[in-house]
Amino acid sequence: MSAIDFSKKVSSARPHPFGSHLQRALESDRGRIINSAPIRRLQQKTQVFPLERNSAVRSRLTHSLEVQQVGRFIVHTIYDKLSDDQKQQYGLNGLDRAIESLVEMACLMHDMGNPPFGHCGEDAINRWFEQHLTQLKPMVNLTDSLPTESIRPLTHELCHFDGNAQAIRLVHSLHRFNLTYSQAAAVLKYTRPATENKHDVPSDKSYLTKKVGYYATEASYVEDMMTTLDMAKYCRHPLSYIMEAADDISYCLADLEDAVEKRILSLEALTEHLKRTYEGIEPDNRPIKSNQTFNDLLNRVYDEAQVDEISKTHKFFIKLRVVMVHPLVNHAANQFIDHIETVFTGEFNRALIEDDSQFHAIAKTFKQVAINHVFNDQEVETLELQGYKIIGGLLDQYRPLLDLPLEDFQKIVEGEGRYYPVERRLFNKLSRKHVAAYTLARKEAVAPIDPDLWEFYLRCRLLQDYISGMTDQFAFDEYKSLMVSG
């Protein structure tokens with residue numbers, strides 16, 4: 001095992017350097033991220049309840065702000081637990097502010113690649129391409145002229161859209177943030193290229209590669225990042241583990257609070273569901289905090305909330321967050337330190353809080369109650385079905401752009417295409433930034449990919465970029481508009 005030196009993982013290096021002290025470089029990153037359109041759009045993207053009008057219910061933005069706070073808390077806890085000798089040994093001295101900033105901004109960005117309607121949006125995009133990709137006219141022609149093995153990697157990728165990979169695409173190709181490699185790497189949650197099947201990766205990296213990490217369009221960028229930060233293939237940046245833990249801790253509790261806010265669950269029903277579910281997951285009932293069990297803490301939270309004169313719900317979740325989040329943060333920090341060698345190299349093949357501890361049982365309990373009693377609520381499922389129909393319907397409407405021969409599509413790109421009035425009008429609705437990214441990527445030859453295959457892949461990616469960048473409401477409005485005009 002090589003020596004642990006976090007100064008090699010926390011660097012001001014970026015794709016287009018402009019020479020800056022580390023802290024100033026990270027402040028520059030922070031400004032670019034906070035002032036970006038993808039972050040602003042999170043305020044109108046769903047967390048659990050699509051098209052929600054109640055502003056007290058979480059959007060992706062408010063969720064990300066909560067994750068940011070938990071990530072900061074974990075960093076502080078790690079530093080508090082390490083001795084001065086350990087900080088010196090691991091190259092962590094003087095990096096506390098830098099690591100705090102990197103983790104905070106990674107937490108803020110972690111969901112920005114998600115399409116409208118969340119995971120349903122991802123599923124809808126992938127279902128549409130699985131059903132239609134081989135029938136699109138350019139793909140039919142390519143299949144006739146090229147060997148299957150040369151086509152398969154890119155077609156596999158187009159049917160595996162993922163919000164994590166789209167976040168990396170936003171950072172590099174679509175918005176050209178020119179972030180430090182350390183900042184971008186802290187968001188790279190999974191390390192498998194989308195052209196690869198998850199069954200083809202090493203078994204000891206199964207967790208690290210369980211989802212798509214980045215697309216072919218960002219492959220050379222990720223390769224440069226990994227070289228700069230000394231990250232081996234299929235391995236993570238160490239700070240991405242903290243970002244992931246912060247997300248895991250935040251969303252499992254937030255989804256339940258939103259369900260109570262929307263009166264899907266009462267506090268009484270939620271408390272009973274939590275008790276029963278936890279007993280099934282953690283039969284040994286090991287203590288959580290100060291020799292108190294999960295039920296002890298939950299009863300205390302519920303009883304204290306009942307005497308609040310303004311909002312029992314508000315008091316309940318404030319107290320629940322204190323008694324449950326603190327032990328989870330503490331456990332995540334301990335796991336980071338206990339496994340610091342494999343976390344540093346990025347080989348640690350699980351999430352920080354996913355083990356057989358009573359603390360993992362807490363997070364698992366919250367998630368299971370949400371699955372059993374929130375996500376299957378009729379209102380939620382109806383909204384999700386609407387999301388499928390909206391995303392699939394939008395792709396149906398824009399399909400003519402994917403059916404055009406290359407030469408004819410290029411005429412439209414160049415401002416011609418008068419013989420294709422529908423396609424030209426559809427093209428004019430696309431984001432100019434996305435079109436510019438398509439045009440630039442076309443000029444970058446990618447050996448040994450056939451040029452026509454590369455163009456068609458980029459055209460499909462262009463449409464996925466446009467659809468996935470929509471907010472929930474914009475997607476809904478655009479769907480209604482096109483269905484009427486269609």
Side-chain angles (χ1 to χ4, degrees), residues 1-11 67-68 70-107 109-110 164 180-192 201-211 213 222 225-250 327-357 359-360 363:
M1 177 66 65
S2 60
I4 298 172
D5 183 358
F6 274 82
S7 66
K8 294 180 180 178
K9 304 289 186 180
V10 179
S11 159
V67 176
Q68 181 179 333
V70 175
R72 175 190 176 98
F73 190 6
I74 296 173
V75 172
H76 289 181
T77 306
I78 290 170
Y79 265 87
D80 287 344
K81 287 177 176 290
L82 290 169
S83 67
D84 291 341
D85 287 345
Q86 286 176 310
K87 292 171 192 172
Q88 182 69 35
Q89 177 187 348
Y90 300 145
L92 284 165
N93 271 344
L95 288 181
D96 46 341
R97 283 184 64 200
I99 289 176
E100 179 185 313
S101 184
L102 286 167
V103 168
E104 278 197 275
M105 289 301 100
C107 291
M109 287 194 292
H110 82 282
N164 297 294
T180 59
Y181 284 121
S182 296
Q183 185 65 81
V187 185
L188 188 66
K189 189 173 177 180
Y190 299 105
T191 57
R192 172 168 56 94
V201 300
S203 59
D204 65 338
K205 304 293 190 299
S206 57
Y207 179 79
L208 297 169
T209 57
K210 72 175 183 178
K211 288 187 178 183
V222 171
M225 173 202 298
M226 297 179 87
T227 299
T228 302
L229 300 176
D230 193 23
M231 296 163 62
K233 189 173 184 181
Y234 302 127
C235 292
R236 277 181 178 177
H237 190 277
L239 300 188
S240 67
Y241 289 100
I242 301 178
M243 175 272 290
E244 178 183 51
D247 186 28
D248 288 344
I249 292 169
S250 298
L328 285 170
V329 166
N330 194 57
H331 184 62
N334 283 335
Q335 290 288 292
F336 187 94
I337 294 168
D338 291 347
H339 301 278
I340 197 162
E341 289 188 350
T342 49
V343 166
F344 175 76
T345 59
E347 297 171 281
F348 190 56
N349 196 41
R350 66 168 172 85
L352 290 180
I353 62 172
E354 286 187 6
D355 54 9
D356 60 356
S357 69
F359 306 105
H360 179 218

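Keep in mind that this is a model prediction, so the values were computed, not measured. All values below come from the heavy atoms of this structure, side chains included, with hydrogens, waters and symmetry mates left out.
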So, does Ser101 use its side chain to make a donor-acceptor pair with the main chain of Arg97 at under 3.5 Å? no

With no hydrogens and no angle check, is any side-chain donor or acceptor of Tyr79 less than 3.5 Å from a backbone partner on Asp96? yes

Gap between atom [atom2] of [Y] and atom [atom1] of [X] - 0.5 Å precision:
X	Y	atom1	atom2	answer
Thr209	Tyr234	OG1	OH	7.5 Å
Lys205	Glu347	NZ	CD	5.0 Å
Gln68	Asp247	CD	CG	13.0 Å
Ser240	Phe348	OG	CZ	11.5 Å
Glu244	Tyr207	CD	OH	3.0 Å
Leu239	Leu229	CG	CG	10.0 Å

When Ile4 is tested against each of Glu341, Gln86, Gln89, Lys9 for side chain to side chain contact (heavy atoms under 4.5 Å, CB included), which residue passes? Glu341

Only one of His339, His331, His360 clears side-chain hydrogen bond (donor to acceptor under 3.5 Å, both in side chains) with Asp355; which?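 In the set His339, His331, His360, the residue that makes a side-chain hydrogen bond (donor to acceptor under 3.5 Å, both in side chains) with Asp355 is His331.
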
Contact summary for [X] and [Y], nearest pair of heavy atoms:
X	Y	answer
Cys235	Thr191	O-CG2, 3.3 Å
Ile74	Ala245	CD1-CB, 4.0 Å
Val329	Phe73	CG2-CD2, 3.7 Å
Leu352	Ala332	CD1-O, 3.8 Å
Thr180	Ser11	CB-O, 3.8 Å
Asn164	Lys189	OD1-CD, 3.9 Å

Go through the steps to decide whether Leu92 and Ile99 satisfy the test side chain to side chain contact (heavy atoms under 4.5 Å, CB included), and finish with yes or no. CA-CA 9 Å; Leu92 284 165; Ile99 289 176; 3.4 Å; yes

Around atom NZ of Lys8, are there more than 12 heavy atoms of other residues, nucleotides or ligands at under 6.0 Å?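 Open: at most 12 neighbouring heavy atoms sit under 6.0 Å from NZ of Lys8.
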
Does Arg350, at its CZ atom, have more than 12 non-hydrogen atoms belonging to other residues, nucleotides or ligands within less than 6.0 Å?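 Check passes, neighbour count above 12.
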
Could you tell me which residues satisfy ring pair (Phe, Tyr, Trp, His ring centres under 6.0 Å) with Phe6, sequence neighbours excluded, listed by chain and number? Phe344

Mind checking whether [X] and [Y] have side chains closer than 4.5 Å, heavy atoms only?
X	Y	result
Leu328	Asp248	no
Ile353	Phe359	no
Lys81	Asn330	yes
Met225	His237	no

